[in-house]
Amino acid sequence: MPHGHDAARAVAQVAGVAVDTRHWINGERVTSPDTFTDTSPIDGAPLARISRGGAAEAAAAVDAAHTAFPGWAQTNHTERARILHAIADGIEARIEELAAVETADNGALLRSHRRGVMPRVAHNFRFFADWLLQLRHDDFDTRGHTNHISWDPAGVCALITPWNAPLMLATWKVAPALAAGNTVVLKPAEWSPLTASLLADIAAEAGLPAGVLNVVQGYGHEAGAALVRDPRVARISFTGSVPTARHIAGAAAANLVPVSLELGGKSPLLVFADCDLDLAVDLAVEQFDNAGQVCLAGTRLLVEASIADEFTQRLIARTEALRQGDPRGEATDIGPNIHPAHLTRIDSFVQRALAAGARALTGGGPNTDLGGLYYRPTLLTDVAPDAEIVTEEVFGPVLTLQTFDTEEAAVALANATRFGLAAALATGDQERAHRITGQLVAGTVWVNCFFVRDLRAPFGGSRHSGIGREGGTWSFDFYCDLKNTVTAPKGWLTRG
Ligand code: NAD
């Protein structure tokens, strides 16, 4: 059973910020008998001992969310939106703290957390608060009867998130789920659990009632698995890997619960000879962001053969100029990977590829100058189209380079994996871009750009990259039960 308060070991100081290491259930901090150690990818140092939740904590959190649901669902839209904006205010007031803790916990660049990620975390709340207030469908008429469509809150939402962009991905689910009038149990990833705890503090300070947002810490196979199996859960939204998605989809199937799956990718970046080569090289270098731990990353470079040599030389030069090191440094371009087990996984992909005949044009192993979890940005060529390194997600700073001679061959290569999350292309020919876009299997296609994201757009993947779309009204469609109310015209019954 979850234990009560145990303040003595409850708070860790991380980057000078006090972070509560316990669960947040029904507006209270709750501890577990067991803990697990959270370490920093920057230097491997232990950051905190986190409460290790399991079935009891998951059940307690679902209880709380279930009890709080009717009150929150009936809270009027204006008030819900006001509280979500107050959460956004709280996030904005603590951007420096959130950025510092997130960088300590997952090793992504501090400057990007400060300037890009955390402002967008706040925006997630503002956007879905505002979208709620203008969410409507025009009424329509059926032989004098009015059809009125409404989005009813669905109930308790189980939200399970990965470690690569912890607070961004958590709030991308929490904000629409709460805006829709649902209550939430969030299970953050065990490798980066800290900012979810700070979010609970911020939401409470913003006046979110007890039980509306709950955070259960713990391992996926314990806390996560128990949460998604609970029959009182009305929606499951998951971002993470394909193998875990199979477990989660199984649990959702058993309870017939709608599930949203945002999974991995092996996205192509197609570079045509008519492109702006500077732009194309910029786009390729961008794929090393967050040390390659980006689901959308275009890790397969598909380059038209006639420009491949020049493109490759420029890319190698740019890659070798990337400054790798402490992610807190203002000048750092690429930081560490998340965890020793993940670094080993990345390197084993690369070593198997090299053993199978691939050639490293740059990189090809851990950065021995830095030690720890730093992996050198790697570019591999001479890879077979069906090689593991070309078809499986590495989730590290590893790109492959293949060439093509025709547009048809480029499209065939682009679509040749089981994934379909995103694709990017660099071309100076708008007609070609239009033609190719229609043939690519991908939830998002970027033409001459990368990572431009708008919350109004549907986001998700095809094939094994996911099931469903979130964003704008699509989020409300997922987190709500849609209802059509048909009202007869006045006098209809007496006329009948
Ligand atoms: P993961 O699947 O190992 O873990 C994700 C979450 O699921 C964690 O919170 C984990 O504790 C939990 N979990 C694990 N087993 C579980 C189980 N049996 N039941 C319930 N929950 C369980 O993924 P990861 O390694 O944390 O994240 C990396 C993956 O996420 C990559 O494949 C990446 O592409 C993907 N990702 C996708 C998107 C997207 O939007 N499509 C975004 C970011 C990351």
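Order of appearance sets the numbers: ligands from 1, and atoms from 1 within every ligand. Along the sequence shown, the residues carry numbers beginning at 1. The shown structure was predicted, so the numbers you read here are calculated from the model rather than taken from an experiment.
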Say whether, by atom type as modelled, one donor and one acceptor occur between the side chain of Asp326 and the main chain of Gly335 under 3.5 angstrom. no

Does the N or O separation between Trp163 and ligand 1 drop below 3.5 Å for any pair? yes

Part of Phe395 within contact of ligand 1 (heavy atoms, under 4.0 Å): side chain

What protein heavy atom sits nearest atom 32 (O) of ligand 1, and how far away is it? Glu393 OE1, 2.6 Å

Take the angle between the ring planes of His464 and Phe419 and call it parallel below 30°, perpendicular above 60°, tilted in between. perpendicular

Could you tell me whether the side chains of Lys173 and Ser260 share a donor-acceptor contact shorter than 3.5 Å? no

For ligand 1, find out whether one of its N or O atoms is nearer than 3.5 Å to an N or O atom of Gly240. yes

Would you say Phe238 touches ligand 1, if touching means a heavy atom closer than 4.0 Å? yes

For residues Asp477 and Trp151, is any side-chain donor paired with an opposing acceptor at under 3.5 Å? yes

As a test of understanding, state which of Arg52, Glu222, His23, Arg22 forms a side chain to side chain donor-acceptor pair (under 3.5 Å) with Ser32. His23

Please confirm whether Pro188 comes under 4.0 Å of ligand 1, counting heavy atoms of the residue only. yes

Could you tell me whether Gly220 and ligand 1 have an N or O pair separated by under 3.5 Å? yes

Is the ring pair Trp163/Trp191 parallel, tilted or perpendicular, if the boundaries are 30 and 60 degrees? tilted

For atom 20 (C) of ligand 1, what's the nearest protein heavy-atom neighbour? Residue, atom name and distance, please. Gly224 C, 3.2 Å

Between Ala245 and ligand 1, which part of the residue brings a heavy atom under 4.0 Å of the ligand: side chain, backbone, both or neither? neither

Whether Arg376 and Asp347 form a salt bridge (side-chain N of Lys/Arg under 4.0 Å from carboxylate O of Asp/Glu) is what I want to check. no

Distance-only polar pair, side chains of Ser197 and Trp24, donor-acceptor under 3.5 Å: no

Kindly say whether Val398 contributes a backbone atom to a donor-acceptor pair with the side chain of Thr378 at under 3.5 angstrom? no

Just need the protein heavy atom nearest to atom 15 (N) of ligand 1, so name the residue and atom and give the distance. Thr244 CG2, 3.3 Å

Below the 3.5 angstrom mark, is there an N/O of Glu190, backbone or side chain, next to an N/O of ligand 1? yes

Check ion pair Arg352-Glu392 (N to O, under 4.0 angstrom): no

Thr161 contact mode with ligand 1 (heavy-atom cut-off under 4.0 Å): backbone

Using a strict cut-off of 4.0 Å, indicate which atoms of ligand 1 neighbour a heavy atom of Ile248. 20 (C), 21 (N)

Should we count NE2 of His247 as having more than 12 external heavy atoms under 6.0 Å? no

For atom 39 (C) of ligand 1, what is the closest protein heavy atom, and at what distance to 0.1 Å? Cys295 SG, 3.3 Å

Would you give the length of the straight line joining atom CG of Asp386 to atom OG1 of Thr417, rounded to the nearest 0.5 angstrom? 12.5 Å

Which residue owns the protein heavy atom closest to atom 27 (O) of ligand 1, what's the atom, and how far is it? Pro162 CB, 3.2 Å

Give me the residue, atom name and distance of the protein heavy atom closest to atom 44 (C) of ligand 1. Asn164 OD1, 3.4 Å

Check whether any N or O atom of Tyr219, backbone or side chain, sits under 3.5 Å from an N or O atom of ligand 1, and answer yes or no. no

Nearest non-hydrogen protein atom to atom 40 (O) of ligand 1, with distance, is Phe459 CE2, 3.3 Å

Kindly confirm or rule out an N or O of Leu263 lying under 3.5 angstrom from an N or O of ligand 1. yes

Suppose we measure from atom 12 (C) of ligand 1 to each protein heavy atom; which comes out shortest, and what is that distance? Ile160 CG2, 3.6 Å

